[in-house]
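Below you'll find the structure, written out as structure tokens, and then a few comments.
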Amino acid sequence: MLVLCASALCGAQTPPATEVDPQLKALLMQTVSQADSFHDRFDAEVWLLDMSTRLRRFLPNEQQRLEFLRLVHREARIAGLKPDLVIAVIHSESLFDRYALSSVGAQGVMQVMPFWKAELGRPDDNLIDLATNLRYGCTILKYYLDKEKGNLRRALARYNGSLGSQKYPDRVLDYWYSFWYVNE
């Protein structure tokens, strides 16, 4: 069905099994035109539609959901990460709440600690801003993944500050494989 819906967005002659909401189609096309991290327009349409459908229960507003996905894809690709992995981290860290604040002060969807702003000499950065939070979070996760020579479990544990425990990596990997994984 995903291929049929994506084909409908591309103007294919075969009608989809279910009609695509015209507002969603227009919004998706606008988002696709702004998406600069995809190989081509078709990849953008398919990925955004697929992930938007999966994410709907967490982010009901279509415009916010598509903008979120576009930013996640862009920042994940810039950092050299799989966007679906980043979504699994966000699922685990904040349940997609851009205003999330942990008991230890971590902020935003990727739960970035504010000390990073001082470390980078950027005290005015707003970690609640989605693009800023994603840039920090993806960069930090990629750093730990490189530091751990590709060992995702250890990188995730470092990201969470729980090196030595498998609880957090297990949770992220469970979300990734159960909800978000995309075979590329």
Side-chain angles (χ1 to χ4, degrees), residues 1-98 100 108-111 129-139 141-142 145 150 152-153 155-156 159 168-184:
M1 181 164 124
L2 173 63
V3 174
L4 291 175
C5 291
S7 296
L9 292 171
C10 297
Q13 297 301 317
T14 307
T18 60
E19 288 298 314
V20 175
D21 181 322
Q23 283 183 303
L24 175 57
K25 179 180 176 181
L27 191 57
L28 186 59
M29 293 311 245
Q30 176 186 351
T31 304
V32 166
S33 70
Q34 297 170 345
D36 55 4
S37 59
F38 292 89
H39 297 296
D40 62 39
R41 180 182 163 139
F42 181 75
D43 286 347
E45 289 175 3
V46 170
W47 191 85
L48 287 166
L49 183 60
D50 179 24
M51 286 300 173
S52 179
T53 302
R54 297 181 198 196
L55 193 58
R56 181 178 292 129
R57 66 181 170 171
F58 300 107
L59 296 174
N61 181 288
E62 291 171 356
Q63 187 168 3
Q64 290 174 353
R65 186 170 62 244
L66 288 170
E67 178 64 12
F68 170 82
L69 288 168
R70 185 182 67 78
L71 288 171
V72 166
H73 195 277
R74 183 186 73 195
E75 295 303 328
R77 290 294 187 204
I78 287 170
L81 297 169
K82 288 190 61 154
D84 47 313
L85 171 62
V86 172
I87 293 172
V89 169
I90 294 168
H91 188 168
S92 183
E93 288 288 347
S94 66
L95 200 60
F96 306 98
D97 179 2
R98 69 184 301 165
V109 291
M110 292 195 75
Q111 291 292 277
D129 175 72
L130 192 54
T132 302
N133 192 276
L134 289 166
R135 175 72 50 100
Y136 273 72
C138 288
T139 302
L141 181 57
K142 176 62 172 162
L145 192 57
L152 184 55
R153 287 183 167 281
L156 288 168
Y159 183 86
Y168 178 78
D170 286 347
R171 184 171 64 231
V172 171
L173 293 172
D174 183 50
Y175 285 147
W176 189 24
Y177 291 121
S178 297
F179 297 108
W180 308 111
Y181 186 78
V182 174
N183 189 7
E184 294 178 337

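Just so you know, these numbers use all the heavy atoms, side chains as well, and skip hydrogens, waters and symmetry mates.
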* **Nearest non-hydrogen partners of Arg54 and Val182, listed with the distance** => NH2-CG2, 4.1 Å

* Taking atom CG of Leu134 and atom NE2 of His73, what is their separation to the nearest 0.5 Å? -> 13.0 Å

* Grab the two heavy atoms, one from Asp84 and one from Tyr181, that are nearest each other, plus how far apart they are. => OD2-CA, 3.3 Å

* Look up atom CZ in Phe58 and atom CZ in Phe179, then write down how far apart they are to the nearest 0.5 Å. => 6.0 Å

* With a 4.5 Å heavy-atom cut-off, do Val72 and Val109 have their side chains touching? -> no

* Check whether any side-chain N or O of Thr139 sits under 3.5 Å from a backbone N or O of Arg135 as a donor-acceptor pair, and report yes or no. => yes

* Asked: What is the distance from atom CG of Asn133 to atom CD1 of Ile90, rounded to the nearest 0.5 Å?
  -> 7.5 Å

* To do: Using a 4.5 Å cut-off on heavy atoms from C-beta on, say whether the side chain of Tyr175 contacts that of Ile87.
  => no

* Structure fact -> Separation between CG (Leu173) and OG (Ser92), nearest 0.5 Å, reads 9.5 Å

* State, without any angle test, whether Glu93 and Tyr168 hold a side-chain donor-acceptor pair at a distance under 3.5 Å. => yes

* Testing Lys142, Met110, Glu75 for side-chain contact (heavy atoms from CB on, under 4.5 Å) with Val86, which one passes? -> Met110

* Structure fact -> Of all heavy-atom pairs linking Ser94 and Ala100, the shortest is CB-CB, 3.8 Å

* **His91 and Trp180 side chains, donor-acceptor separation under 3.5 Å** => yes

* Structure fact -> What one should report as the nearest heavy-atom pair of Pro83 and Ala76 is CA-CB, 3.6 Å

* Within a strict 4.5 Å, meaning less than it, do heavy atoms of the Asp170 and Arg153 side chains meet? -> yes

* Could you go through the side-chain contact (heavy atoms from CB on, under 4.5 Å) check for Leu69 and Ser52 one step at a time? => CA-CA 7 Å; Leu69 288 168; Ser52 179; 4.0 Å; yes

* Asked: Out of Gln63, Arg70, Gln64, which residue meets the side chain to side chain donor-acceptor pair (under 3.5 Å) rule with Glu67?
  -> Arg70

* Side chains of Val172 and Tyr159: does their closest heavy-atom pair fall under 4.5 Å? -> no

* Atom CZ in Arg171, atom CG in Leu156: separation rounded to 0.5 Å? -> 10.5 Å

* To do: Identify the heavy atoms of Leu49 and Thr53 that sit nearest to each other, and give their distance.
  => O-OG1, 2.8 Å

* Taking all non-hydrogen atoms of both residues into account, name the closest pair between Arg65 and Leu59 and its distance. => NH1-O, 2.7 Å

